[in-house]
Amino acid sequence: MKIGCHVSISGSIDMAVDRAVERGCTAFQIFSRNPRGWRAKAISESESTLFHKKVASSGIDKDAVCVHMPYLPNLAGSNDEPYKKSVNTLKDEVERCNQLGIQYLVTHLGSHLGAGTEAGIRRLIEAYTVAAEVDKNVIILLENMAGQKNSIGYKFEELARILNQLEPNGRFGVCLDTCHAFVAGYDLRTREAASQTLEEFDGIVGYDRLKVLHLNDARGGLGSNLDRHYHIGLGNIGTEGLKEVVNIVDQHNIPIILETPIDDTRTDIENIQAVKQFA
């Protein structure tokens with residue numbers, strides 16, 4: 001099983017690999033920069049070389065490592081100046097993934113800010129098309145949203161619709177977040193419900209496009225649109241449904257990344273162990 005969590009790059013970016021190994025990860029996710037700011041420190045050649053070496057010696061497959069976009073960009077936004085900054089950040093993140101030898105870049109689709117879904121989708125397609133030209137080795141992943149007001153991509157149909165309009169094929173995929181799907185209205189609480197929801201995903205989007213799973217329980221209820229992750233099996237989704245998700249996704253050799261809270265309830269290691277017991 002390719003299983004791990006989001007790890008910090010504090011100190012230097014290569015230290016993320018050390019933290020992943022310490023937690024028993026066979027997959028991991030990072031931010032390549034401060035996720036709450038626009039500016040990013042350049043990645044030096046020595047940093048990228050050391051990162052490459054540590055990943056190679058860790059035993060973690062290169063296709064089980066991903067970068068998550070920072071929080072500020074809104075790739076569906078209708079305001080020109082913030083949109084331009086968002087697209088430039090996306091392009092920069094593609095280049096940073098290339099420097100680090102990371103194949104997958106996870107992106108939030110964002111909000112159309114009241115301009116309408118059609119306008120938001122046009123903005124997204126424009127942004128992704130430009131970013132795909134930066135490097136042919138990086139695959140940009142669209143993460144399903146929790147369904148907040150004006151958000152795009154919380155419905156499987158919207159993800160498929162955007163992917164179907166993007167060229168070149170094979171340069172884009174999906175990161176499915178279980179918390180987001182659940183609070184957007186897709187039931188995952190039982191074996192039957194989880195199986196049915198993933199069958200629906202496969203029929204609309206396709207497992208061939210699913211490249212990373214964000215496995216998170218949810219503080220919010222079904223259809224609440226509350227984007228608050230919780231520890232595996234302790235939230236409103238629960239153990240039975242998440243176990244079914246893990247076993248189905250693992251059959252397709254898809255990396256599973258946990259984004260559970262940092263608090264006293266459970267450590268990353270304990271959450272990862274909980275998932276390993278599902279298999």
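All residue numbers in this chain count up from 1 along the given sequence. Just so you know, these numbers come straight off a predicted model, no measurement behind them.
Rounded to the nearest 0.5 Å, atoms NZ (K85) and CG (N79) are 12.0 Å apart. Going from atom CG of N137 over to atom SG of C97 covers 11.0 Å, rounded to the nearest 0.5 Å. In this structure, M15 CE and I30 CD1 are separated by 13.0 Å, a value rounded to the nearest 0.5 Å. Summarising the geometry, atom CG belonging to L234 is positioned 7.0 Å from atom OG1 belonging to T239; distances are rounded to the nearest 0.5 Å. Interatomic distance, CG of L242 versus CZ of R189, reported as 12.0 Å (0.5 Å rounding). Remark: K211 NZ to C175 SG distance equals 12.5 Å, nearest 0.5 Å.
Side-chain atoms of S48 come within 3.5 Å of backbone atoms of E45 as a donor-acceptor pair (strictly under, hydrogens ignored). A donor-acceptor contact shorter than 3.5 Å links the side chain of N236 to the backbone of R219. The main-chain N or O of A160 is found under 3.5 Å from a side-chain atom of N164 such that the two form a donor-acceptor pair. Put simply, the side chain of K155 never gets that close to the backbone of I152: no donor and acceptor are under 3.5 Å apart. Listed for the N225 side chain is a donor-acceptor partner under 3.5 Å among the backbone atoms of A146. Y83 places a side-chain N or O within donor-acceptor distance of the main-chain N or O of R123, the cut-off being under 3.5 Å. In terms of modelled atom types and a separation under 3.5 Å, the side chain of N247 and the main chain of F278 share a donor-acceptor contact. When atom types are taken as modelled, the side chain of T107 and the backbone of L141 share a donor-acceptor pair closer than 3.5 angstrom. Checked by atom type and distance alone, the side chain of T49 never pairs as donor or acceptor with a backbone atom of S46 at under 3.5 Å.
With a 4.5 Å cut-off on side-chain heavy atoms, Q99 and H52 do not count as touching. At a threshold of 4.5 Å between non-hydrogen side-chain atoms, the residues E143 and H68 count as touching. Residues T129 and I125 are in side-chain contact: their nearest non-hydrogen atoms beyond the backbone lie under 4.5 Å apart. No side-chain heavy atom of L109 sits less than 4.5 Å from a side-chain heavy atom of Y154. Side-chain contact between V67 and Y104 is absent, with no heavy-atom pair separated by less than 4.5 Å. You'll find the side chain of K91 reaches within 4.5 Å of the side chain of N88, heavy atoms only.
Of the listed residues (L213, D61, V249), just one forms a side chain to side chain contact (heavy atoms under 4.5 Å, CB included) with K2, and that residue is D61. For the pairing with L176, the side chain to side chain contact (heavy atoms under 4.5 Å, CB included) check across V245, L215, L198 returns one residue only, L198.
With a 6.0 Å radius and a threshold of 12 heavy atoms from other residues, nucleotides or ligands, Q251 has its CD atom above the threshold. In Q196, the CD atom is not crowded: 12 or fewer heavy atoms of neighbouring residues, nucleotides or ligands sit closer than 6.0 Å. Shown here is Q148, whose CD atom has more than 12 heavy atoms of other residues, nucleotides or ligands within 6.0 Å. Counting non-hydrogen atoms of other residues, nucleotides and ligands closer than 6.0 Å to NZ of K84 gives a total of 12 or fewer.
For the pair R36 and N34, the tightest heavy-atom approach, listed with the atom from each and the gap, is N-OD1, 3.0 Å. Of all the heavy atoms in N144 and A181, the pair that sits closest is ND2-N, 3.3 Å. In terms of heavy-atom proximity, C25 sits nearest to C5 at SG-N, 3.8 Å. In plain terms, the two heavy atoms of T89 and P70 that are nearest each other are CG2-CG, 3.8 Å. Nearest heavy-atom pair across S86 and W38 is OG-CH2, 3.8 Å. In terms of heavy-atom proximity, G110 sits nearest to M145 at N-CE, 3.7 Å.
Shown here are the ring pair (Phe, Tyr, Trp, His ring centres under 6.0 Å) partners of Y230, two or more places apart in sequence or in another chain: there are none. Residues passing the side-chain contact (heavy atoms from CB on, under 4.5 Å) test with T26, sequence neighbours excluded: I3. For the side-chain contact (heavy atoms from CB on, under 4.5 Å) test, residues two or more places apart in sequence or in another chain that qualify with E270 are R266, T267. Partners of H6 by ring pair (Phe, Tyr, Trp, His ring centres under 6.0 Å), not counting sequence neighbours, listed by chain and number: F31.
Side-chain heavy atoms closer than 4.5 Å link hydrophobic residues (I, L, V, M, F, W, Y) into clusters, and following such links, even through other members, never connects Y128 to L72. A continuous path of hydrophobic side-chain contacts links M1 to L210 [ILVMFWY only; heavy atoms under 4.5 Å]. A continuous path of ILVMFWY side-chain contacts below 4.5 Å connects V134 to L124, so both sit in one hydrophobic cluster. Criterion: ILVMFWY side-chain heavy atoms under 4.5 Å apart, direct or through other members. Under it, V21 and L50 are not part of a common hydrophobic cluster. The hydrophobic cluster containing I232 does not contain V212, counting ILVMFWY residues as joined when their side-chain heavy atoms lie under 4.5 angstrom apart, directly or transitively.
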When the side chains of residues 253-260 are checked against the rest of the protein, which donor-acceptor pairs come out under 3.5 Å, sequence neighbours left out?
from : atom 1 : to   : atom 2 : distance (Å)
E259 : OE1    : H214 : ND1    : 3.1
E259 : OE1    : N216 : ND2    : 3.3
E259 : OE2    : Q29  : NE2    : 3.0
E259 : OE2    : H214 : ND1    : 3.4
T260 : OG1    : N271 : ND2    : 3.2

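Between E244 and R191 there is a salt bridge, since at least one side-chain N of the basic residue sits less than 4.0 Å from a carboxylate O of the acidic one. Using a cutoff of 4.0 Å between basic side-chain nitrogens and carboxylate oxygens, R171 and D135 are not scored as salt-bridged.
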Verdict with supporting geometry, E93 and R96, salt bridge (Lys or Arg N to Asp or Glu O under 4.0 Å): CA-CA 5 Å; E93 285 297 302; R96 291 165 78 87; 3.7 Å; yes
Trace of the side-chain contact (heavy atoms from CB on, under 4.5 Å) decision for F51 with I102: CA-CA 10 Å; F51 184 88; I102 294 176; 3.8 Å; yes
V174 vs F201, side-chain contact (heavy atoms from CB on, under 4.5 Å): CA-CA, chis, key distance, verdict: CA-CA 11 Å; V174 170; F201 174 88; 4.0 Å; yes
Derivation of the side-chain contact (heavy atoms from CB on, under 4.5 Å) call for R209 and L159: CA-CA 10 Å; R209 288 166 157 173; L159 294 173; over 6 Å; no
F172 and I139: CA distance, side-chain angles, deciding distance, side-chain contact (heavy atoms from CB on, under 4.5 Å) verdict: CA-CA 5 Å; F172 302 92; I139 297 175; 5.5 Å; no
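Taking the ring centroids of F156 and Y186, they lie under the 6.0 Å cut-off.
For residues 13-29, the salt bridge (charged side-chain N to carboxylate O under 4.0 Å, His left out) pairs, not counting sequence neighbours, are D14-K54, D18-K54, R23-D268.
H231 and D217 share no side-chain donor-acceptor pair at under 3.5 Å.
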